[in-house]
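Just so we're clear, the structure is a prediction, and the values are computed from it rather than from any experiment.
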Amino acid sequence: MKVVNANVTELADVDILKKIEKCGRICYKSEDKITDTSCFSFVEGLIKRQHLAMTEHATICLSLTERLAKRIKSLGEGTYLNVTLNGAKNRFLVSGNIRAWILLFNPYQWSEAEWQDISRIQAYMYIALDEKTYKVLFNKPKSIPSREFKEVLLSQEQILKLPDLTKEEAHAHLYLTALFTCDRGVTHELVRHRPASFAQESTRYCNYVKDKFGQEIVCIRPTYYNVVQETIWLQAMEQAEQSYFALIESGCTAQQARGVLPTDLKAELVLTANLAEWQHIINLRYHGTTGAPHPKCLEVMTIWYNYVSAKEGYNQWIQ
């Protein structure tokens, strides 16, 4: 058995497909299978099986005409897209994760008038994204407009550089993805937050008896035990490991044996949210606006808060 400290780091945006693959493979701890081109088949497989949760960790922001942005806003919150209408700057932004865009581009749920506008946005998405990425994620639009379209595809860096960016725009369209290394009690708290997206190391599929896991379980070190309490805790973790290994050796699968694994088992959790939701999470899990946070949750949220507070461009929008 190994004991490690809790931690959290940013899982930065690189490439849409590569980020989706990275998040998906954390669930199965199969990051060793990542290659320069593996993301294409990996994401294609997710979409073919309608396993769209992992696509929520990559986001796209479009600067649209006022009419098209208002059309999206009129569709309601069920689109899971964020819309801001900044008439003073003639800036109309729509952002959301890949899953939200995939659902938007389903023609069967919209009226003819609605689809006329949505298909126009889909066509622009086609010419804005690189062709290989678009083909993996979306169906090809029936008509392709000229590139004289006013709409613009905005990266996170471009959003940060928008003149006179407002708090509403920053909170709606700036996203951060955190990779938590924590115990499963903390993950149970974090996955309650909405709207947010998650990917978690799976005890159904990760078999800790195997060589790739070092033939041992990993537990998160508590920071609040005295010497006597820590000794009791270590004995409990070792007993849990022995019971888990015995069940596996008796013929149980990992998902059958996982019931004896401890709450303090190490888990990797990916959490993606926009700044509005991150502020809410920080309020509850760091500032304790609804009551004192659990010490272990406070431990990782303190690391994350300190990181975001020092992250240029983002720190001014988080309190």
query: When you look at S243 and Q239, which way does the side chain to side chain donor-acceptor pair (under 3.5 Å) test go after all the steps?
result: CA-CA 6 Å; S243 299; Q239 180 59 58; 3.2 Å; yes
task: With side-chain contact (heavy atoms from CB on, under 4.5 Å) as the test, would you mind laying out the steps for H57 and N97 before giving the verdict?
output: CA-CA 7 Å; H57 294 283; N97 61 55; over 6 Å; no
- prompt: Would you say V94 and I121 make side-chain contact, with heavy atoms under 4.5 Å?
  reply: no
query: Just checking, is any N or O donor in the side chain of Q156 or D13 under 3.5 Å from an acceptor N or O on the other one?
result: no
- request: Might you confirm whether atom CD of Q256 has over 12 heavy atoms from other residues, nucleotides or ligands at distances under 6.0 Å?
  value: yes
query: Is the shortest heavy-atom distance from the side chain of Q122 to the side chain of Y134 under 4.5 Å?
result: yes
query: So, N226 versus E230: side-chain donor-acceptor pair below 3.5 Å or not?
result: no
- request: Can you run down the ring-ring contact (aromatic ring centres under 6.0 Å, His included) pairs that involve residues 269-295, sequence neighbours left out, and say none if there aren't any?
  value: H193-H280, W278-W304, Y286-Y305, H287-Y305
query: Would one find more than 12 heavy atoms of other residues, nucleotides or ligands at under 6.0 Å from atom CG of N139?
result: no
message: In the structure I gave you, are the side-chain heavy atoms of L129 and I16 within less than 4.5 Å of one another anywhere?
response: yes
Full working for side chain to side chain donor-acceptor pair (under 3.5 Å) between K89 and T166: CA-CA 10 Å; K89 289 294 179 181; T166 68; over 6 Å; no
task: Check the pair K311 / Y307 against side-chain contact (heavy atoms from CB on, under 4.5 Å), numbers first and verdict last.
output: CA-CA 6 Å; K311 185 175 175 64; Y307 172 80; 3.9 Å; yes
- request: Could you walk me through whether K167 and E169 pass salt bridge (Lys or Arg N to Asp or Glu O under 4.0 Å), step by step?
  value: CA-CA 5 Å; K167 181 178 179 180; E169 291 171 324; over 6 Å; no
task: Taking the side chain as every heavy atom from C-beta outward, state whether C27 and Y205 have any atom pair closer than 4.5 Å.
output: no
task: Classify the ring geometry between Y244 and Y208 as parallel (under 30°), tilted (30 to 60°) or perpendicular (over 60°).
output: tilted
- request: For R25 and S30, test the side chains for any donor-to-acceptor distance below 3.5 angstrom and give the result as yes or no.
  value: yes
message: Does K210, at its NZ atom, have more than 12 non-hydrogen atoms belonging to other residues, nucleotides or ligands within less than 6.0 Å?
response: no
- prompt: Would you say the side chain of M301 lies within less than 4.5 Å of the side chain of F180, judging by non-hydrogen atoms?
  reply: yes
task: Test the K70-F92 pair against the cation-pi criterion, namely NZ or CZ under 6.0 angstrom from the six-membered ring centroid and within 45° of the ring axis.
output: no
